[in-house]
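Letters go in sequence order (proteins before strands), and every chain restarts at 1.
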There are 2 protein chains.
Amino acid sequence: MEQQMADISKAEFEVLEVLWQQYPAAASDIVERLNKKKTWHEKTVKTLLNRLVKKQAVGFIKEQRRYLYSPLFEREHYTQAASKSLVERLFSGQLSPLVAGFAKNKKLERDDVEALKSLIDQWESEHD
Amino acid sequence: MEQQMADISKAEFEVLEVLWQQYPAAASDIVERLNKKKTWHEKTVKTLLNRLVKKQAVGFIKEQRRYLYSPLFEREHYTQAASKSLVERLFSGQLSPLVAGFAKNKKLERDDVEALKSLIDQWESEHD
DNA sequence: TCACTTTGATTACAACTGTAATCAACAACA
DNA sequence: TGTTGTTGATTACAGTTGTAATCAAAGTGA
């Protein structure tokens, strides 16, 4: 399960996103929630759900005619794996070059900086 | 060119990596350098080079029978775009949740923390 | 000059993706 | 009860990707 997570495609991830918002959910609900942002045909969403089930990212229980779907791992679990994988590929596992890139790019906002500072304080209070 | 960068596949990126190490370079050199780490068939590497040329990520000049290839943008340019794209997809553009994930995961090393601190100092000295 | 080598170009082919359409089973309405 | 709509399952189909093999042109050694 740890490895398959990487194999979730972008479209599949968007389906997972709305599932994490609220689950269990029927396909029709998922379609409806998705279409606040995108315009995917119902059939498309069903296909993506099917693929997610095959990939063991989503499970379901039957409620009569229809299924109620649920994600099989937490969003945070996925984001951590995806982040780690990117940082490994691009920066041999070092996080700071990524942050440096953001800083250089003016992509770093004051809120981010404040959040980073408390993360660092926290980290330092935990490590010696 | 800014957008196409995202469309560089993982295998293609590895070819770019060794090109950035040193260029211009002939296909044979690239194959040789790549095979310090992997075992890709020469034909495979040629295919990837071709695709990179089509995607305008790599250019070349002819030197008689063979080509000398060069990357058409900097590594940092690519890593910044890829980082930004991931952070947007996973954290709506906010960097700190990514760092928080690393911290939670024990993936944050002392070196990283020190680097982050100087980045923050730097940022703060530049902003008001 | 002829067979062989090297190089880029073209073609191959299966798996994965995005984006659906069709099918089969059941439910609901007329 | 026959028709229609809904739901998941199966099939479709082109584009991308990983991983090469084949082809054609040019250079090389005998």
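Classification of the Phe73(B)-His77(B) ring pair by plane angle, with boundaries at 30° and 60°, yields tilted.
Taking atom CG on Asn50(B) and atom C1' on dT19(D), their separation rounds to 14 Å, with Å as the unit. Atom pair Gln64(B):CD and dG8(C):P shows a separation of 12 Å (rounding to whole Å applied). Counting to the nearest Å, the P atom of dT17(C) and the CG atom of Leu52(A) are 10 Å from each other. Straight-line distance from the CG atom of Leu48(A) to the P atom of dT17(C): 11 Å, rounded to whole Å. The distance between atom CD of Glu63(A) and atom C1' of dG8(D), rounded to the nearest whole Å, is 14 Å. At whole-Å resolution of the value, CD1 in Ile8(B) and P in dT17(D) are 10 Å apart. Distance, Lys10(A) NZ to dG15(D) C1': 15 Å, rounded to whole Å. The NE2 atom of His41(B) sits 13 Å away from the P atom of dT19(D) (whole-angstrom rounding).
Nearest-nucleotide positions on DNA chain C place Leu68(B) closer to the 5' end than the other of Ala11(A) and Leu68(B). With DNA chain D read from its 5' end, the first of the two nearest nucleotides for Lys46(A) and Glu12(B) is the one closest to Lys46(A). The 5' end of DNA chain C is approached more closely, in terms of each residue's nearest nucleotide, by Thr47(A) than by the other of Arg65(A) and Thr47(A).
In this model, no side-chain donor or acceptor of Arg66(A) finds a partner on the base of dT7(D) within 3.5 Å. For a distance-only test at 3.5 Å, the side chain of Lys43(B) qualifies as a donor-acceptor partner of the base of dT22(D). For dG18(C), its base sits under 3.5 Å from the side chain of Arg51(A) at one donor and acceptor pair at least.
Of the candidates dG8(D), dA21(C), dT7(C), the closest approach to any side-chain atom of Glu42(B) belongs to dT7(C). Closest contact between the side chain of Ala27(A) and the listed nucleotides dT17(C), dT17(D), dG8(D) involves dG8(D).
Of the side-chain N and O atoms in Trp40(B), one or more sit less than 4.0 angstrom from OP1 or OP2 of dT19(D). At dG8(D), none of the side-chain N or O atoms of Lys54(A) fall inside 4.0 Å of OP1 or OP2 (strictly under the cut-off). Phosphate contact (OP1/OP2 of dG18(C), side-chain N/O of Ser9(A), threshold under 4.0 Å): present.
Side-chain contact, Glu17(B) with Gln21(B): no donor N or O sits under 3.5 Å from an acceptor N or O.
With hydrogens and angles ignored, the 3.5 Å screen pairs a side-chain donor or acceptor of Ser83(B) with a backbone N or O of Thr79(B).
The minimum heavy-atom distance linking Leu49(B) with Ala27(B) is given by the pair CD1-CB, 4.0 Å.
In this structure, the side chains of Phe60(B) and Arg66(B) stay at 4.5 Å or more apart for every pair of heavy atoms.
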